[in-house]
*Asks:* 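Let me begin by handing over the structure; questions about it come next.
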Amino acid sequence: MKTDSLQHQIDKLVKRASFSLRPDLMNLLIKAYRSEPVSRAKKALGWIIDNARIAEKENIPICQDTGFPVIFIELGKDIKISADDAKRIEKYLVTSYENNFLRASTLDPITRGAPSYKGLSMHFEFNPALKGVKLTFLLKGFGSENKSQLKMFNPTAKLEEIEEFVLSSVKSAGPEACPPFVVGLGIGGTSNDCLLLAKKALLMPLDKSNPDKTLFKIERSLFKKINSLGIGPMGFGGMHTVLAVRVKKEPTHIAGLPVGVNISCHALRYASIKIFKL
Amino acid sequence: MKFENLKSGEQFFLNDFLYTARDQAHSRLLKLIKAQSSLPIDLSDSIIYYCGPSATPNGRVVGSCGPTTSSRMDMFVEPLLKAGLRIMIGKGRRSKKVRMLIKKYKAIYFIAPAGCGALLSTKIVSKKLICFKDLGPEAIYRLKVKDFPLIVAIDSKGHSIYEDI
């Protein structure tokens, strides 16, 4: 495998996403550990931090649920892509899952049967400001994915109603979805767009505030409200139910207000890489 | 193992053998029980860990192996308790019915550190495939664990650590 080949780059991406936590997330976990007053919750945060260190040192997955693979392919103005390239990306991802001993977790939804490495969620986007291609690989565990929610609000709905919906989604996610969470909220578009936006919101940097002032305010308000729910790390109570809330929006229709919630467990695992040829 | 005196919220380090089983394995066990067929595992005084480990890298005993969401197994619990299951290990809340069953059968429900599969893999001494090989990570494995960290989530009197949420 040549070091500059697409296969090599994808392999690096898969390894990074599944074996190590992102520094922005790790910093939030350490901060939470230092300030958590409830002793059992503090112990849980300690386990989470130790776990990430072991995974990184020993090159094993942070969590046995190595997720449903989601890949975002952002295409710059100078890039041409074909159906063959998309096939290659898929193939390299599967190979990388196998070679790195990740879990076979995908199967036919009706017949079920033996789990395999087949199947992924692939998204293409265009970004004229970009040179080359940016690949972002997200490994979405299903403990938290199972807690996704969609609600089609009336266009006259108040912001408080949306907040109430997010809070009830987080409550129903509870200890099962592995708190402390990162909560992604998508507002606008159509039903599927807002859910995709919510997922993309999880990929915003955790060490920078939202550049949109309105969304920043929503994030701050939800952050406080979720953290007063008292679910806490692993459901043990305490002040850290959520590590960050991230919100994205896009235009919607005059007749509606779609809102999607996508929750990530404490192991929000993704990695990005920029390449200049496919 | 004595666990009747453990109280919800207490920490416990397990040194024992346990069986992994999750959704599909439970579904198959239930079918066998219904058909009164013999079971591939002996459930009397057994421990079931809701877990589907990731693949085992060369030179390791097991891959990452943390708990999966227990509530998906709630509907399978009663016949297994009847058959002798005593200890369940997973993550998250259980239904009220399961809490009552735990009390009735003097069983116990522990939670293992959720999302900490790498850490837990270091507490596993051996792993053996027992049955349902075709299910891959969802097959039933027998694991020997040493100082496996747990917290009592529902004790044998039916008290739950999650009563408030």
Side-chain angles (χ1 to χ4, degrees), chain A residues 18-19 40 43-44 46-66 97-105 107 112-117 141-144 146-147 171 173-180 229-237 241 265-267, chain B residues 8-11 20 22-24 27-28 49-72 74 90-94 111-123 132-139 149 151 153 160-165:
Chain A
S18 47
F19 300 160
R40 207 182 287 142
K43 182 192 281 292
W47 274 331
I48 291 168
I49 293 164
D50 285 349
N51 180 68
R53 289 182 177 147
I54 292 169
E56 184 161 18
K57 192 171 146 245
E58 304 198 12
N59 287 321
I60 55 168
I62 285 169
C63 176
Q64 73 289 342
D65 183 356
T66 53
Y97 257 69
E98 267 181 294
N99 289 350
N100 290 300
F101 302 97
L102 305 197
R103 193 175 74 178
S105 308
L107 40 65
R112 309 303 291 190
S116 71
Y117 292 101
F142 251 64
S144 60
N146 274 338
K147 307 294 183 175
K171 271 192 241 172
E176 296 84 85
C178 292
L229 290 175
I231 298 169
M234 294 186 196
F236 294 160
T241 299
C265 60
H266 57 73
Chain B
S8 78
E10 265 185 75
Q11 182 163 337
T20 67
R22 41 178 293 155
D23 309 69
Q24 299 301 331
S27 175
R28 288 193 188 181
Y49 179 30
Y50 305 135
C51 172
S54 60
T56 308
N58 302 327
R60 290 190 73 90
V61 175
V62 64
S64 196
C65 57
T68 194
T69 305
S70 308
S71 59
R72 293 198 314 271
D74 282 358
K91 69 164 171 170
R93 297 166 288 194
R94 308 302 301 256
I111 41 180
C116 297
L119 171 83
L120 291 170
S121 78
T122 65
K123 312 290 180 192
F132 310 147
K133 189 183 174 197
D134 60 301
L135 293 178
E138 291 205 76
I151 290 198
S160 167
I161 193 178
Y162 293 135
E163 258 152 57
D164 303 338
I165 51 173

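Reckoned from all heavy atoms, side chains included, excluding hydrogens, waters and symmetry mates. All chains are named by letter (A, B, ...) in the order of the sequence lines, taking the proteins before the strands, and each is independently numbered beginning at 1.
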*Asks:* With a 4.5 angstrom heavy-atom cut-off, is it the side chain or the backbone of A:Leu102 that approaches chain B, or both, or neither?
*Replies:*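 The answer is the backbone of A:Leu102.
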
*Asks:* Could you tell me which non-hydrogen atom of A:Arg40 sits nearest to which non-hydrogen atom of A:Phe236, and how far apart they are?
*Replies:* O-CD1, 3.5 Å

*Asks:* Can you tell me how far the CD1 atom of A:Ile60 sits from the CD1 atom of A:Ile54, to the nearest 0.5 Å?
*Replies:* 7.5 Å

*Asks:* Pick from B:Ala153, B:Gly90, B:Cys116: which one has the most heavy-atom pairs with chain A under 4.5 Å?
*Replies:* B:Cys116

*Asks:* Between OH of A:Tyr97 and OG of A:Ser116, what distance do you get to the nearest 0.5 Å?
*Replies:*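 Between A:Tyr97 OH and A:Ser116 OG, I get 11.5 Å after rounding to 0.5 Å.
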
*Asks:* For A:Thr66 versus A:Cys63, what's the shortest heavy-atom pair and its separation?
*Replies:* CG2-O, 3.6 Å

*Asks:* Is it the backbone or the side chain of A:Ala114 that comes under 4.5 Å from a heavy atom of chain B, or both, or neither?
*Replies:*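 For A:Ala114, backbone and side chain are both near chain B.
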
*Asks:* Less than 4.5 Å to any heavy atom of chain B: does that hold for the side chain of A:Ala267, its backbone, both, or neither?
*Replies:* neither

*Asks:* Looking only at heavy atoms, which two atoms of A:Pro61 and B:Ala118 are closest? And how far apart?
*Replies:* O-CB, 3.7 Å

*Asks:* So which of A:Met234, A:Lys43, A:Glu98 has the biggest tally of heavy-atom pairs under 4.5 Å with chain B?
*Replies:*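 Ranked by contacts with chain B, first place is A:Met234.
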
*Asks:* Would you check if B:Gln24 and B:Phe132 make a side-chain contact, meaning some heavy-atom pair closer than 4.5 Å?
*Replies:*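 Not in contact.
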
*Asks:* Heavy-atom pairs under 4.5 Å with chain A - which of B:Ser70, B:Gly136, B:Gly52 has more of them than the others?
*Replies:* B:Gly52

*Asks:* Need one label for A:Lys171: side chain, backbone, both or neither, based on atoms under 4.5 Å from any heavy atom in chain B.
*Replies:* backbone

*Asks:* Flag the one option from B:Gly63, B:Pro137, B:Ser71 with the top tally of heavy-atom pairs under 4.5 Å to chain A.
*Replies:*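 Most heavy-atom pairs within the cutoff with chain A belong to B:Pro137.
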
*Asks:* Search all heavy atoms of B:Pro149 against all heavy atoms of B:Leu120 and return the closest pair with its distance.
*Replies:* CD-CD2, 3.7 Å

*Asks:* Name the region of A:Arg112, side chain, backbone, both or neither, that has any atom closer than 4.5 Å to a heavy atom of chain B.
*Replies:*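 The answer is the side chain of A:Arg112.
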
*Asks:* Given heavy-atom pairs under 4.5 angstrom as the criterion, report whether the side chain, backbone, both or neither of B:Pro53 touches chain A.
*Replies:*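 Backbone only.
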
